[in-house]
Protein chains: 2
Amino acid sequence: MATIQEVAKKAGVSAATVSRVLNNRNSVKEKTRMRVDQAIRELNYEPSVLGRNLRNSESRLLLVLIPSISNPFYTEIINGIEDTAIGKGYNILLCETDSNPKREAIYFNMVRNRLADGIILMDPTVNRKNLHDLACKHPIIQCSEFDENGTISYVTIDNELAAYQAVKHLIKIGKKKVALINSDEKFLYARERRSGYEKAMKEFGLPIESKWIRSVEQLGFESGQQAMRSLLNEADMPNAVFAVSDVLAIGALKEINSIGLKVPEDIAIIGFDKISFSNMTHPTLTTIAQPMYKMGCISATMIIDKIRGNDVESLILDHELIIREST
Amino acid sequence: MATIQEVAKKAGVSAATVSRVLNNRNSVKEKTRMRVDQAIRELNYEPSVLGRNLRNSESRLLLVLIPSISNPFYTEIINGIEDTAIGKGYNILLCETDSNPKREAIYFNMVRNRLADGIILMDPTVNRKNLHDLACKHPIIQCSEFDENGTISYVTIDNELAAYQAVKHLIKIGKKKVALINSDEKFLYARERRSGYEKAMKEFGLPIESKWIRSVEQLGFESGQQAMRSLLNEADMPNAVFAVSDVLAIGALKEINSIGLKVPEDIAIIGFDKISFSNMTHPTLTTIAQPMYKMGCISATMIIDKIRGNDVESLILDHELIIREST
DNA sequence: TCTTTTTATGAAATCGATTACATTTTATGT
DNA sequence: ACATAAAATGTAATCGATTTCATAAAAAGA
């Protein structure tokens with residue numbers, strides 16, 4: 001790998017001039033620029049991000065922190081982030097934190113060390129103090145999850161309202177015994193969706209029974225299956241299920257199918273996220289669509305704005321109830 | 001973020017001494033080391049990877065290049081990579097290339113620039129010359145896909161044999177009209193699996209009919225659905241399908257179900273990869289299991305070995321036919 | 001106590017780029 | 001043609017760490 005010095009020598013100019021050519025600076029004579037460009041091409045030169053960053057504190061790299069890449073919910077968001085970021089000259093690096101604070105710390109330090117310019121955080125399990133310390137000095141925004149009392153800008157949807165509407169829909173089609181399969185309440189969305197569930201139940205004068213509420217730790221199909229199995233074992237079985245993620249709903253659906261009950265006649269089911277699988281099940285899954293791609297685009301725009309020193313406002317986007325065969 | 005200079009000042013020593021403490025160098029007096037450690041703690045100091053790399057050319061970061069994170073096939077591999085890499089003191093950054101040469105070039109340059117120590121490549125669409133140029137000077141290994149005539153070490157499975165066994169299984173259960181839903185033959189695995197399909201058909205004296213072969217560009221469910229729809233429109237309909245990925249198989253399954261045909265009685269179907277969703281379909285999907293987690297672990301071990309300057313051998317791992325309800 | 005050897009530390013160069021400032025070259029006006 | 005303004009380029013400092021080489025301090029030997 002050639003250095004800027006070698007290019008300078010080959011072009012018969014100083015490193016400073018090469019640098020100016022590289023950065024399209026104002027004052028370089030056309031003739032000189034040509035010579036430098038020529039030398040750059042001949043040596044196949046690429047500026048070292050390392051040297052540049054050390055001086056400039058700019059890497060044009062964004063970190064995207066997600067708890068796990070296995071969750072299809074994140075895929076569309078990431079597509080949105082990438083398309084937008086690349087359009088603005090930034091590249092993104094995906095970091096899987098596994099909700100492990102140590103790994104999170106490593107990625108946070110990449111920003112402190114100027115290896116990356118900013119972070120889009122989708123993981124809720126951060127140590128709040130670390131997060132806040134980082135946010136004071138470095139650009140960071142949150143996507144989907146956010147810190148309720150924090151000062152960090154975010155983009156998300158109204159989870160409580162969405163859950164409320166989902167459950168209301170179940171009640172409207174005549175189901176009064178609505179179960180909830182929730183994920184770990186360390187997630188803000190889980191707490192909000194539970195609250196939406198409760199709001200809808202209360203509004204229609206239905207009891208909130210803890211025997212119809214399950215909380216899972218993992219977000220895999222199996223967790224949905226297990227939760228559903230446990231719900232089906234209740235003497236007083238629910239006749240509808242609101243699962244806070246399509247993955248869980250699909251697991252639940254599988255379990256219901258496998259013991260021979262009909263969906264939606266015996267048990268109706270509604271998921272959340274509108275992942276692509278949710279249209280492949282039998283019956284297809286009613287779900288709440290989040291504008292995931294758009295959330296990604298907005299996240300990217302926000303973080304780049306922040307990197308450029310602008311103030312950015314938090315945003316709450318619209319969701320949509322997608323009614324399909326399972327209700 | 002404190003610098004090494006500030007630590008040095010606070011501890012009343014030179015930056016050189018602080019550096020020696022940081023790197024556990026031989027000669028630092030116990031008393032001095034204590035003072036430096038103290039200063040480091042008080043200032044909450046973390047050495048800058050930037051400064052260190054510029055001098056040392058080591059970042060302890062690995063790049064993992066995948067065409068798309070939406071494909072669940074990669075998830076387990078990545079888990080294996082991460083667990084292994086982290087165990088050995090390396091962190092990984094996921095890079096989605098979208099099979100876009102420009103984006104690939106950016107990530108390649110991160111290695112040239114010493115922002116990362118090595119690459120695990122899972123994308124086949126690389127410009128061969130660029131790849132080779134990089135491989136000459138920097139550690140790189142390939143996982144799953146590889147360059148047949150290249151010198152780059154890889155870990156993969158015997159795709160031809162696996163496909164051969166899958167198709168043989170279909171024939172053995174009495175299906176003679178076996179269709180193939182393949183992915184783009186730019187992928188080596190696609191070419192190999194097609195060849196395995198043909199081998200099995202020939203072995204049993206069955207014709208290889210182009211009307212029963214489909215090639216898709218995208219690897220989504222919809223592609224599987226479309227391919228199946230087109231196969232079902234043939235006057236002479238197949239009675240079995242080998243899809244080169246579970247995602248495609250699930251799309252095909254959906255299509256078969258939706259026009260009222262029975263699986264496996266009317267049409268048997270077999271997928272590839274054993275993704276977690278393949279056990280959630282109705283009926284559950286027969287598939288070929290790849291040791292994905294293990295592939296990830298081995299990839300990580302190989303690349304780190306290579307970074308350390310050791311020679312590494314390519315590996316071909318075993319696969320397994322998982323017979324479930326769809327055949 | 002005075003060398004000599006060993007150990008601990010500091011000063012300064014280095015990595016590859018950028019940029020403020022200095023200097024040279026070119027353009028403009030009279 | 002000459003003075004002056006403007007444009008182009010070079011010089012050298014800088015970013016934060018590491019490391020070579022030189023030097024100071026401590027230990028060992030006489």
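Letters go in sequence order (proteins before strands), and every chain restarts at 1.
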Electrostatic pair Asp37(A):Arg33(A) at N-O distance under 4.0 angstrom
no
Charged N to carboxylate O below 4.0 Å: is that the case for Lys10(B) and Glu42(B)?
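Glu42(B) and Lys10(B): salt-bridged.
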Measure the distance from [atom1] on [X] to [atom2] on [N] and round it to the nearest whole Å.
| X | N | atom1 | atom2 | value |
| --- | --- | --- | --- | --- |
| Gln5(B) | dG10(C) | CD | P | 12 Å |
| Asn53(B) | dT19(D) | CG | P | 12 Å |
| Leu115(B) | dC15(C) | CG | C1' | 14 Å |
| Tyr45(B) | dT18(D) | OH | C1' | 10 Å |
| Ile40(B) | dA17(D) | CD1 | P | 10 Å |
| Arg35(A) | dA8(D) | CZ | C1' | 12 Å |
| Lys31(A) | dT26(C) | NZ | C1' | 12 Å |
| Arg33(B) | dA8(C) | CZ | C1' | 12 Å |

For the side chain of [X], starting at C-beta, report the closest nucleotide among [options].
| X | options | result |
| --- | --- | --- |
| Ile4(A) | dT18(C), dG10(D), dA17(D) | dT18(C) |
| Ala16(B) | dT9(D), dT18(C), dG10(C) | dG10(C) |
| Asn23(B) | dT18(D), dA12(D), dA17(C) | dT18(D) |
| Thr32(A) | dA8(D), dG10(D), dG10(C) | dA8(D) |
| Ser27(A) | dA8(D), dG10(C), dG10(D) | dA8(D) |
| Arg20(B) | dG10(D), dG10(C), dA17(D) | dG10(C) |
| Leu22(B) | dT18(D), dT18(C), dT19(D) | dT18(D) |

So, does Ser48(B) get its side chain near the phosphate of dG16(D), meaning an N or O under 4.0 Å from OP1 or OP2?
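Indeed not, no polar side-chain atom of Ser48(B) lies that close.
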With a 4.0 Å limit, can you tell me whether Thr17(B) has a side-chain N or O closer than that to the phosphate oxygens OP1/OP2 of dG10(C)?
yes
Would you indicate whether [X], at its atom [atom1], is surrounded by more than 12 heavy atoms from other residues, nucleotides or ligands within a distance under 6.0 Å?
| X | atom1 | result |
| --- | --- | --- |
| Glu6(A) | CD | yes |
| His138(A) | NE2 | yes |
| Asp311(A) | CG | no |

Please work out if Glu46(B) contacts a base, only the sugar-phosphate, or nothing of the nucleic acid, heavy-atom cut-off 4.0 Å.
sugar-phosphate
Contact class for Val13(B) vs. all strands (heavy atom < 4.0 Å): base, sugar-phosphate, or nothing?
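Sugar-phosphate contact only.
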Relative to the 5' end of DNA chain C, which residue comes earlier, Lys29(A) or Thr3(A), by the nucleotide with the nearest heavy atom?
Thr3(A)
